[in-house]
Structure formats: structure tokens, C-alpha cells
Amino acid sequence: MAPCASRRPAAAAAAVVVAVVVLAVSGGVGATPETACRAAAEEDRRVDYEFCVSRLSHHHDSPDADTWGLAKVAADVGVCIAGDAAYDAKAKLQAAKAGSEREALERCAELYDRMGSAFAAAYDDINRREYAAGKEKAGEAASLARRCDGAFADAGVAPSPLERQTAESVKIAIVCTAITNLVK
């Protein structure tokens with residue numbers, strides 16, 4: 001009986017270690033922008049690791065966030081990027097002359113406003129742990145951003161003067177979706 005009794009504490013300790021590792025990987029504890037972005041990039045090759053770490057690391061909620069929290073941070077960063085893009089579109093609109101480029105800028109300002117609302121809805125859905133709905137809203141945000149580039153293409157304006165804003169919007173939507181996929 002003694003040999004079995006001496007193995008039980010070791011087996012129990014091993015089980016605790018395994019449980020802690022599983023919790024850490026599944027998003028319960030210990031997430032950082034670096035670990036979450038690395039895991040997201042492994043999950044989805046479209047994730048730009050450097051962009052992900054840079055954007056998430058600068059958010060005030062990142063230091064204390066688990067994976068669930070970082071998914072919400074990504075959605076919130078999306079709200080900020082959309083707001084900045086809408087502002088940029090409206091600023092360029094002030095200098096634009098009448099014509100197809102002006103119409104495209106007006107359309108983009110509207111699309112970026114809607115994109116901000118889509119990211120805000122993604123945040124709310126993820127916060128309620130309705131992950132599928134949150135990912136759907138992040139996808140909607142990316143689609144709205146792409147439609148801005150489409151408005152310029154339709155107007156015969158290439159490249160889009162808001163190309164960087166669209167690219168960043170799509171990147172953060174991909175990050176948001178990929179990190180949300182990591183939440184268990």
C-alpha cells in the first residue's frame with residue numbers, strides 16, 4: 001500500500017500543473033498581447049503579429065486582460081480606428097472638389113461611422129460572451145472598410161486616399177475575430 005500512497009501526491013500535483021496550463025492557454029489567465037497575438041497568428045495566418053501587439057499593447061485595459069479581455073480590447077481598438085478613419089475622411093472631404101472623389105469621401109465617412117458602430121456591437125457581444133455574434137460584427141466592420149476602397153475604385157480614384165485606414169480597419173477586425181476564437 002505504501003507505494004500507491006506515495007504516488008498519489010505526485011499524481012495530484014501533476015494534475016494541478018496540467019489544469020493550470022490548460023487554463024492559461026484557454027484564456028483564463030496569463031494572457032498578454034504578445035501571447036494572444038502569437039496564438040491568434042498561429043490560428044489565422046492573416047493576423048499581422050506586429051500590428052496586433054502594437055495596437056493591443058497601447059490600450060489601457062491590456063495589462064490586466066485575459067484572452068477574453070484582449071478580444072474586447074481588439075474590438076475597442078477597432079472603434080478607435082474607425083473613429084480616426086471617419087475623421088480623416090471628413091477632413092479630406094473639406095478640401096475635396098465636387099465630383100466623384102468627393103462622393104467617395106462622403107460615402108467613406110458614412111461607412112467608417114457605421115464601422116465604428118459595428119466594432120462597438122462586437123465589443124458588447126464579446127462582453128456578453130456571445131462570441132459568434134461578436135465575430136460576425138467584426139466581419140461586418142471589415143466589409144464596411146473594404147467598401148470604402150470600393151467606392152474610390154468605382155469613382156476611378158486609385159489608390160484610395162484612405163488606403164491605410166482601410167488596411168488597419170481590416171487588420172484589427174481579423175485580430176478581433178482570431179483572438180475571440182481563442183476564448184474558451
Side-chain angles (χ1 to χ4, degrees), residues 17-89 91 108 111-149 159-184:
V17 169
V18 169
V20 168
V21 169
V22 168
L23 282 174
V25 171
S26 69
V29 294
T32 65
E34 292 81 5
T35 59
C37 291
R38 186 174 302 112
E42 289 171 3
E43 172 86 15
D44 185 338
R45 64 179 174 80
R46 299 173 302 156
V47 171
D48 180 334
Y49 174 79
E50 297 298 327
F51 173 84
C52 180
V53 171
S54 173
R55 288 308 191 130
L56 270 54
S57 294
H58 289 97
H59 193 279
H60 64 282
D61 288 337
S62 288
D64 300 321
D66 58 6
T67 305
W68 174 60
L70 289 172
K72 295 187 296 181
V73 164
D76 196 38
V77 169
V79 171
C80 294
I81 289 174
D84 290 347
Y87 176 86
D88 291 346
C108 286
L111 290 167
Y112 284 129
D113 281 337
R114 289 175 48 200
M115 185 177 65
S117 296
F119 274 122
Y123 179 98
D124 290 341
D125 289 337
I126 294 165
N127 190 48
R128 286 190 302 268
R129 299 187 185 270
E130 296 173 3
Y131 305 125
K135 292 186 290 188
E136 182 177 324
K137 288 298 182 183
E140 179 182 322
S143 174
L144 290 166
R146 288 183 184 109
R147 287 170 54 190
C148 175
D149 275 358
S160 163
L162 299 170
E163 187 174 38
R164 178 185 54 79
Q165 293 86 339
T166 295
E168 289 185 1
S169 301
V170 171
K171 284 181 184 181
I172 199 65
I174 291 167
V175 166
C176 181
T177 300
I179 292 178
T180 302
N181 282 336
L182 300 174
V183 180
K184 304 292 180 212

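The analysis underlying the following values was restricted to heavy atoms, covering all of them including side chains, and did not include hydrogens, waters or symmetry mates.
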Between Tyr123 and Val77, does the side-chain contact (heavy atoms from CB on, under 4.5 Å) criterion hold? Intermediate values first, please. CA-CA 10 Å; Tyr123 179 98; Val77 169; over 6 Å; no
Atom pair SG (Cys80) and NE2 (His59), whose distance is rounded to the nearest 0.5 Å: 6.0 Å
Donor-acceptor contact below 3.5 Å, side chain Ser54 vs main chain Glu50: no
Return yes if some donor-acceptor pair links the side-chain N/O of Trp68 with the main-chain N/O of Lys184 below 3.5 Å, else return no. no
Within the supplied structure, the quantity of interest is the number of heavy atoms (other residues, nucleotides, ligands) at a distance under 6.0 Å from Tyr87 OH; does it exceed 12? no
Are side-chain heavy atoms of Asp124 and Arg128 found at a separation under 4.5 Å? yes
Glu168/Arg164 salt bridge by N-O under 4.0 Å criterion: yes
Closest heavy-atom pair and its distance - Val47, Ala40: CG2-O, 3.7 Å
If you look at every heavy atom in Ala118 and Lys137, which pair is closest and at what distance? O-CB, 3.5 Å
Roughly how far, to the nearest 0.5 Å, is CE of Met115 from OG1 of Thr166? 7.5 Å
Determine the minimum heavy-atom distance between Val175 and Cys52, stating which atoms define it. CG1-SG, 3.6 Å
Residues Tyr131 and Arg129: side-chain donor-acceptor under 3.5 angstrom: yes
Before giving the answer on side-chain contact (heavy atoms from CB on, under 4.5 Å), spell out for Ile81 and Arg55 the whole-Å C-alpha distance, their side-chain angles and the decisive distance to 0.1 Å. CA-CA 10 Å; Ile81 289 174; Arg55 288 308 191 130; 3.6 Å; yes
Donor-acceptor check, side chain of Ser143 to backbone of Gly139, threshold 3.5 angstrom: yes or no? no
Can you tell me how far apart NE2 (His60) and CG (Asp76) are? Round to the nearest 0.5 Å. 6.5 Å
Nearest atoms (heavy-atom pairs only) where Pro33 meets Leu70: N-CD1, 4.0 Å
Treating Thr35 as the side-chain partner and Ala31 as the backbone partner, does any N or O pair qualify as donor plus acceptor under 3.5 Å? no
Rounded at 0.5 Å granularity, tell me how far SG in Cys108 sits from CG in Asp113. 11.0 Å
Strictly distance-based, threshold 3.5 Å: is any side-chain N or O of Ser62 a donor or acceptor partner for the main-chain N or O of Leu56? yes
Using 0.5 Å steps for rounding, measure from the CD atom of Glu43 to the CG atom of Asn181. 5.0 Å
Applying the side chain to side chain donor-acceptor pair (under 3.5 Å) criterion to Gln165, which one of Asp84, Asp88, Asp149 satisfies it? Asp88
Mind checking the NZ-CD1 spacing from Lys72 to Ile126? Nearest 0.5 Å is all I need. 9.0 Å
Nearest heavy-atom pair of Val183 and Ala71: which atoms, and what distance? CG2-CB, 4.5 Å
Taking 4.0 angstrom as the limit, do Asp48 and Lys171 come out as a salt bridge? yes
Considering non-hydrogen atoms only, spot the tightest contact between Gly134 and Ala122 and give its length. O-CB, 3.4 Å
